[in-house]
Amino acid sequence: MAERFETESRKLLGRLRDTLAEDSAGQARLDRIVTLIADSMQAEVCSIYLFRDSETLELCATQGLQAEAVHQTRLRLGEGLVGRTAKTRTVVNTANAPAEKGFRYMPETGEERFSSFCGVPIQRLGDALGVLVVQSKAERQFTPDEVYALEVVAMVIAEMTELGAFVGEGAALSALHQQPVMFRGAIGQEGAVEGQVFLHEPRVVVTNPISDDPDSELKRLREAVETLRGSVDDMLMRTDTVSTEQREVLDAYRMFANSRSWMRRMESDVENGLSAEAAVEKEQSLARTRMNGATDAYLRDRLHDLDDLSNRLLRILTGQGRDTGAEMPDNPVLIARNIGPGELLEYGKKLRGIVLEEGSVGSHAAIVARAWAIPLVIHAGGITTEALNGDPILVDGDQGIVHLRPDDTVTAAFRDKIAMQARAQERYASIRDLPAEDKAGNVVGLHMNAGLMADLPSLPTSGAEGVGLFRTELQFLIRNQMPKRAELSALYARVMDAAEGRRVAFRTLDIGSDKVLPYMKPNDEPNPAMGWRAIRVGLDKPGVLRMQLQALLRAANGRPLTIMFPFIAQYDEFRAARAEFDKAIAREKILGHPLPDKIEVGAMLETPSLAFAPNAFFKEVDFLSIGGNDLKQFFFAADRENERVRRRYDTLNVSFLSFLEQIVERCRATGTPVSFCGEDAGRPVEALCLAAIGLRTLSMRPASVGPVKHLIRRVNLNEAREVIHAARDAGEQSVRKSITEWLAKQG
Ligand code: PEP
Ligand code: MG
């Protein structure tokens, strides 16, 4: 039986290829295909359902059901057995369909006569396109070989859909890659841009899903896999300089590249008539489907490895490199699944915007994009599959929305928004040298956050008074080996030179949580955000901290120096860190190096515990800087990297503002200077409220200095404070509504 079927399936593929070669119109071609399959499978019915939109499937062709039902019968995702196949993306194979749970009878199709049902998802690279169904009167289950043949055919159909091979009037996916699509992602970096798509990794285009000659295809497949194995071995050979972590990834690659079952499955697909490329892609599709459903992070990572390996194999087979010769458009908007900071730095500032399928707000790429003020949208699910090089695209970083191939009305509205922003920029430039002074004469100090050399030109142009937070870890993250002391010292000296005497608060290394150094042994922790990070690492393994402190002292070379320690959760940690600094100063003194003429040592308040530290702590620190990103995450117990929970809690929540107000009060009582340097400081309404409750030094991304200053100069902070208190007394959960209404009244 199996043998009979294999030859049947090969024959079927051959006939499909002939159909593909004909130049019949879309619908006619679909009709030919279902007839062919029903015939070869000896089933009375074969139908193709395609997605009309992400929730609706439409019967697009049938052999055996009522012809009038074509393009009329529609099902929701999950509805009936067809909907279930699409939703679960697994084969549904049953001898008695009407007896199945969830069976939905559609009278217009006349399907009540059929008993057995087999539905196979049609998908390409993990994207569901539709469902291929066969049904027969006889009450029988389709054999594993039959199901296998259907899967192979579904794969070919998916390719055809992708190629627009049966694009026809009314066919569900006729407009794939042509229609406007909107993606709702998350904000990575604000700003609005219009540009053209530039794919970080262009998709490999498979144009020949069916082979003429399985033997020569097998040879091609085996040769390509050999080349792939060789290249992975080469990478491993060159790994004496790479970290254990990279090595582990490469080992996983090698394991996959040598996997017998992977090879066997691809070989059997080729033996059954698929081309080598299509066989690789079929495996890749399967891995992507599993990846979408995998909840275990480790498993997802490994499936990701397999996906990457499949891409490499496809490139070997098709000869298409990463560089497909596609020219970078004038206004490139980079589209990628994810990207590392190193790769992003290679593209440089020529990018107009960035859209990622994955990524997170705190990711290194996001930090680099922010430093360059390049609008960034993350979590734009499916964009790498939808976008083609050169497609027009609008990136709305303020709302986390992307319009791909937008229609004219959307583009016009978007251009208005860009023009408005440009006018606002001019307004901000005009107040650049004025203080952020409100109508009552309260002055707010506005500083900027930085971390890369590329940030520093923004210091004079933004109007910031200094650098309130210099994230030193960025310099560690963009390298692939631990920087040397002399290198760091030269870099910090350049930062101080560029600041031209303005204060720069250097935060010592804040690694751990999502900031993992590629060259440090990975730490397997159940909850890294609350794990061994920042000062905890610095104190337990003080080598790097000491080196960094020494580099900072040498960079200052007699000039004033400001440092702060991240993530101090209790008094002792500050004392221990400060003791390290004192030791470093003493060593420098012995060596006869010049010492800074003024030293400030602060702590970052990022855990609620520190707000309740003894008065002695408040008196001992030279200043406190509130790291609102972490503080808010721990205050609400809501992961800052998890958009779903992060968004639940407003920064303007009265509990959080009251908590901040208590910190301000303690600082006032103990005479401790305090500032706020989380991302919220850069959002005008939030900044206004922070200033109103008494936080009179704020540090933010450079592009926010203008808008924040503009707003502060137009209001009375004393009044804003009253509005906040009134909202709190009235029992409101967040002061946002009251403050927004009050602002509207101010005009
Ligand atoms: C913070 O937590 O608010 C902060 C400024 O530090 P980071 O965002 O680098 O953790
Ligand atoms: Mg922090």
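Numbers here simply count residues along the sequence, with the first being 1.
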Test K598 against D622 for salt bridge (Lys or Arg N to Asp or Glu O under 4.0 Å), laying out the working first. CA-CA 12 Å; K598 181 178 167 222; D622 292 329; over 6 Å; no

I'd like to know whether R554 forms a salt bridge (Lys or Arg N to Asp or Glu O under 4.0 Å) with E588, so could you lay out the CA-CA distance, the side-chain angles of the two residues, the decisive distance to 0.1 Å, and finally the verdict. CA-CA 8 Å; R554 295 208 180 154; E588 289 303 286; 2.9 Å; yes

Identify the two heavy atoms, one from G706 and one from I431, that lie closest to each other, and give their separation to 0.1 Å. O-CD1, 4.2 Å

Walk me through it: do L545 and L509 pass the test side chain to side chain contact (heavy atoms under 4.5 Å, CB included)? CA-CA 7 Å; L545 179 66; L509 200 58; over 6 Å; no

Please indicate whether R587 has more than 12 foreign heavy atoms, meaning atoms of other residues, nucleotides or ligands, lying under 6.0 Å from its CZ. yes

Check whether any side-chain heavy atom of Q425 lies under 4.5 Å from a side-chain heavy atom of Y428, and answer yes or no. yes

Working note: I663 + L605, criterion side chain to side chain contact (heavy atoms under 4.5 Å, CB included); need CA distance, chi angles, decisive distance, verdict. CA-CA 10 Å; I663 298 170; L605 194 158; 3.9 Å; yes

Say whether, by atom type as modelled, one donor and one acceptor occur between the side chain of E573 and the main chain of A569 under 3.5 angstrom. yes

Closer than 3.5 angstrom, by distance alone: can the side chain of Q189 be matched with the main-chain N or O of L376 as a donor-acceptor pair? no

Ionic contact status for D630 with R640, cut-off 4.0 Å: yes

Answer yes or no: is there an ion pair linking R646 with D639, defined by an N-O contact shorter than 4.0 Å? no

All heavy atoms of V377 vs all of G400, minimum pair found to be CG1-O, 3.7 Å

Determine whether the aromatic ring centres of Y492 and F506 lie less than 6.0 Å apart. yes

Check K484 with E487, please: is the shortest side-chain N to carboxylate O separation under 4.0 Å? no

Just checking, any donor-acceptor pair under 3.5 angstrom between side chains of D680 and T651? yes

Do the side chains of R503 and E600 get close enough for a salt bridge, i.e. N-O under 4.0 angstrom? yes

Would you say the side-chain atoms of R337 pair up with the backbone N or O of E358, donor to acceptor, closer than 3.5 Å? no

Can you check whether V601 reaches F574 side chain to side chain, under 4.5 Å on heavy atoms? yes

Does the side chain of F623 come within less than 4.5 Å of T672's, by heavy atoms? no

Do H593 and Q550 have side-chain N/O donor and acceptor atoms under 3.5 Å apart? no

Kindly say whether M700 contributes a backbone atom to a donor-acceptor pair with the side chain of S704 at under 3.5 angstrom? no

Beyond-backbone contact of R533 with F567, side-chain heavy atoms, under 4.5 angstrom: yes

Donor-acceptor contact present, side-chain R714 to main-chain K709, <3.5 Å: no

In sequence, state the C-alpha distance, the side-chain angles, and the governing distance for T472 and Q548, and then conclude on side chain to side chain contact (heavy atoms under 4.5 Å, CB included). CA-CA 9 Å; T472 60; Q548 196 183 20; 2.8 Å; yes

Polar side chain donor-acceptor pair, Q570 to S609, under 3.5 angstrom: no

Under a 4.0 Å N-O cut-off, is there an ion pair linking D650 with K632? no

Taken in chain and number order and not counting sequence neighbours, the residues that satisfy side chain to side chain donor-acceptor pair (under 3.5 Å) with S489 are none

Non-hydrogen side-chain atoms of H447 and T697 separated by less than 4.5 Å: yes

Do side-chain atoms of R432 reach the backbone of A429 as a donor and acceptor pair under 3.5 angstrom? no

Quick one: does R559's side chain get under 4.5 Å of D597's, heavy atoms only? no

Of all heavy-atom pairs linking V685 and L711, the shortest is N-CD2, 4.1 Å

Show your working on salt bridge (Lys or Arg N to Asp or Glu O under 4.0 Å) between E679 and R701 and close with a plain yes or no. CA-CA 8 Å; E679 295 303 303; R701 63 191 188 94; 5.6 Å; no

I'd like to know whether CE of M547 has more than 12 heavy-atom contacts from other residues, nucleotides or ligands below 6.0 angstrom. yes

Side-chain heavy-atom pair E357, I378 within 4.5 angstrom cut-off: no

Output all residues satisfying side-chain contact (heavy atoms from CB on, under 4.5 Å) with S655, sequence neighbours left out; order by chain, then residue number. F635, N653

Can we say R546 and E580 salt-bridge, meaning some charged N sits less than 4.0 Å from an Asp/Glu carboxylate O? yes

Do R494 and D497 sit within salt-bridge range, that is, some charged N less than 4.0 Å from a carboxylate O? no

Close side-chain approach of M453 to V495, heavy-atom, < 4.5 Å: yes

Check whether Y649 forms a cation-pi arrangement with R647 (NZ or CZ under 6.0 Å from the six-membered ring centre, at most 45° off the ring normal). no

Begin with the C-alpha distance, continue with both residues' side-chain angles, and end with the deciding distance and a verdict on salt bridge (Lys or Arg N to Asp or Glu O under 4.0 Å) for D510 and R471. CA-CA 8 Å; D510 180 11; R471 289 182 163 103; over 6 Å; no

Keeping the roles fixed (side chain from N716, backbone from K439), state whether a donor-acceptor pair exists under 3.5 Å. no

Taking I563's backbone N and O only, do any of them form a donor-acceptor pair with R507's side chain (distance below 3.5 Å, no angle check)? no

Quick check against the 3.5 Å criterion: does K541 have a side-chain atom that pairs as donor or acceptor with the backbone of G538? no

Check: E525 side chain, W532 main-chain N or O, donor-acceptor pair, under 3.5 Å: yes

Can you measure from CG (L660) to CD1 (I693) and round to the nearest 0.5 angstrom? 4.5 Å

Show your reasoning for whether side chain to side chain contact (heavy atoms under 4.5 Å, CB included) applies to H725 and R721. CA-CA 6 Å; H725 287 170; R721 184 189 170 98; 3.8 Å; yes

